[in-house]
Amino acid sequence: MLMLGFAGFLGLLKILLMALAAFGLCDAAFRREDAFRAADKQNKVFWLVVLGLALVVSALFSVLSFLPVIGVIASIVYIVDVRPAVKQVSGGSGWGRRRGSSSDGPYGPYNGGR
């Protein structure tokens, strides 16, 4: 009974690690290449390869082995360090970014009552 609960916990942990790597991979895929260079981080292809390998390794190997731990570290480094720097350089989230001025209302720019 105890082993069944532990196996269920490891299964949930494996899904969580795969989701972390998949989020990082999708986020890196939608970022601009020049934003990586401007943020003085590794290039986009490097992060796509590293995060893709992290996803594959976390899917193929057990959570208790050594390679998924390296993949988790790479995913965390991307999400905590690289993603905010690239996001700041590119000027927003990149997915549903609003374009326009801060004085824009729902029907266009505010012109001061003219």
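Throughout, numbering of the chain's residues begins at 1 and tracks the sequence. Given the structure is predicted, the values throughout are model-derived calculations rather than measurements.
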Which heavy-atom pair separates [X] from [Y] by the least distance, and what is that distance?
X     : Y     : answer
Ala74 : Val50 : CB-CG1, 3.6 Å
Val69 : Val63 : CG2-O, 4.5 Å
Pro84 : Ile79 : CD-O, 3.4 Å
Val89 : Ala38 : CG1-CB, 3.4 Å

Do Arg83 and Phe23 come close enough that some side-chain heavy atom pair is under 4.5 Å?
yes
Beyond-backbone contact of Trp47 with Val77, side-chain heavy atoms, under 4.5 angstrom:
yes
Give a yes or no on this: more than 12 heavy atoms of other residues, nucleotides or ligands lie within 6.0 Å of atom CZ of Phe9.
no
In plain terms, say whether Lys41 and Asp81 are close enough for a salt bridge, that is, a side-chain N and a carboxylate O under 4.0 Å apart.
yes
Working note: Gln42 + Phe36, criterion side chain to side chain contact (heavy atoms under 4.5 Å, CB included); need CA distance, chi angles, decisive distance, verdict.
CA-CA 7 Å; Gln42 291 287 336; Phe36 285 88; over 6 Å; no
Linking I/L/V/M/F/W/Y whenever any side-chain heavy atoms sit under 4.5 Å apart, do Ile76 and Val82 land together?
yes
Assess whether side chain to side chain contact (heavy atoms under 4.5 Å, CB included) is satisfied between Arg32 and Lys44, documenting all intermediate values.
CA-CA 8 Å; Arg32 296 185 346 226; Lys44 181 178 181 174; over 6 Å; no
Approximate separation, where rounding is to 0.5 Å, of Ser58 OG and Ile70 CD1:
12.5 Å
Quick check for you: to the nearest 0.5 Å, what is the distance between Lys14 atom NZ and Leu60 atom CG?
7.5 Å
